[in-house]
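Take a look at the structure set out below.
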Amino acid sequence: MPAEVIDGAIACGGTSAEELMPCVETARLSGDIAAVAIERVPDTAGWQSVQDLCRSRLEQYGYDVELEDYGTGINVIGRQEGTDAAAGEVIVSSHYDHISGCSGADDNATGIAATLEIARLLADRTSRHTLVIACWDEEEGGLIGSRAYADRAVAKDTEIHAVFSFDGVGFVSNEPNSQMVPAGFDVLFPDQVAELEARQFRGDYISLIADEASSSIAASFATYGDLVGLTTSVLPVPESLKLISQTADLRRSDHASFWVHDYPGVMITDTANFRNPNYHCLGGMDLPGTLDMSFVTQVTQATLGAAIDAIDAT
Ligand SMILES: [Zn+2]
């Protein structure tokens with residue numbers, strides 16, 4: 001049954017992507033961004049309060065929650081077992097830590113808000129794959145939390161079918177030349193750079209950095225993005241380029257912890273410092289008021305749709 005508008009409110013619910021995508025609530029995303037966008041350097045009170053938010057929310061939604069203490073930090077992991085134990089995990093995730101002196105609204109309060117909203121909407125849904133919702137610690141210290149999880153998965157012979165990793169999904173600009181690209185990108189990705197040039201280098205789209213094994217996930221994300229009016233630029237990273245030094249800018253977030261073990265993963269990003277002058281509070285404060293909440297909503301919807309395809313995949 002499609003979503004219907006009743007008395008101005010969107011009635012939603014069901015199990016398909018099309019039925020659940022309209023259930024994403026912008027007000028809820030805004031509230032969570034405001035709660036997370038506080039200074040939260042590991043082992044400080046702010047960090048503890050955001051970790052507590054991840055844990056209490058996942059418990060409230062009925063996930064089996066683990067505080068994965070890997071020695072130097074703590075990942076918050078929520079699990080919902082799939083119907084096929086051999087099918088492996090689908091992980092929807094983002095890092096909750098940030099650097100000192102910065103409230104990190106875009107990086108990565110937006111990612112945590114999107115992750116928790118997807119957790120809410122998939123909480124009661126039966127799926128083939130096990131759904132894992134993760135709030136990673138110590139990303140800013142060098143992807144430490146996600147690496148601990150990925151290393152443990154290898155050690156336990158855990159099958160991972162897909163990893164979604166948000167990192168900064170709230171900053172857009174329609175101004176020409178508001179989007180930059182890493183040096184040498186025109187050589188590695190000429191089609192994507194030509195496409196950007198044709199659109200006057202406007203920073204108004206979401207970037208999906210996908211390894212080869214994630215190509216169907218990337219395609220499904222772009223299709224659901226189209227449905228909600230979101231422009232997606234997929235950067236398909238061939239196996240031969242996945243781990244070389246020239247593509248280091250494509251491994252700057254937690255998806256890379258999975259790539260090194262050949263687990264499939266996508267990074268969902270507004271491209272951070274290649275667009276956002278407030279990245280790490282360098283050119284201005286990274287505050288909720290600088291974000292575009294329709295964009296955050298659309299990105300959450302497209303990811304929810306792609307995640308549903310992934311947890312159902314055979
Ligand atoms: Zn980040």
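When reading the values below, keep in mind they use all heavy atoms of this one structure, side chains included, and skip hydrogens, waters and symmetry mates. Counting starts at 1 for both ligands and their atoms, following the listed order.
Relative to the ring axis of Tyr205, Arg275 places its NZ or CZ within 45° and under 6.0 Å from the centre.
In the model, Thr271 has a side-chain atom that pairs as donor or acceptor with a side-chain atom of Gln179 under 3.5 Å. No side-chain donor-acceptor contact under 3.5 Å links Thr158 and Glu89. Residues Tyr224 and Asp309 bring a donor and an acceptor atom of their side chains to less than 3.5 Å of each other.
Geometry about the Zn ion (ligand 1) gives an angle of 100° between NE2 of His95 and OD1 of Asp167, rounded in steps of 10 degrees.
Among the backbone and side-chain atoms of Glu140, no N/O/S atom is found under 2.8 Å from the Zn ion (ligand 1).
Looking only at its N/O/S atoms, Asp107 has OD1 as the one nearest to the Zn ion (ligand 1).
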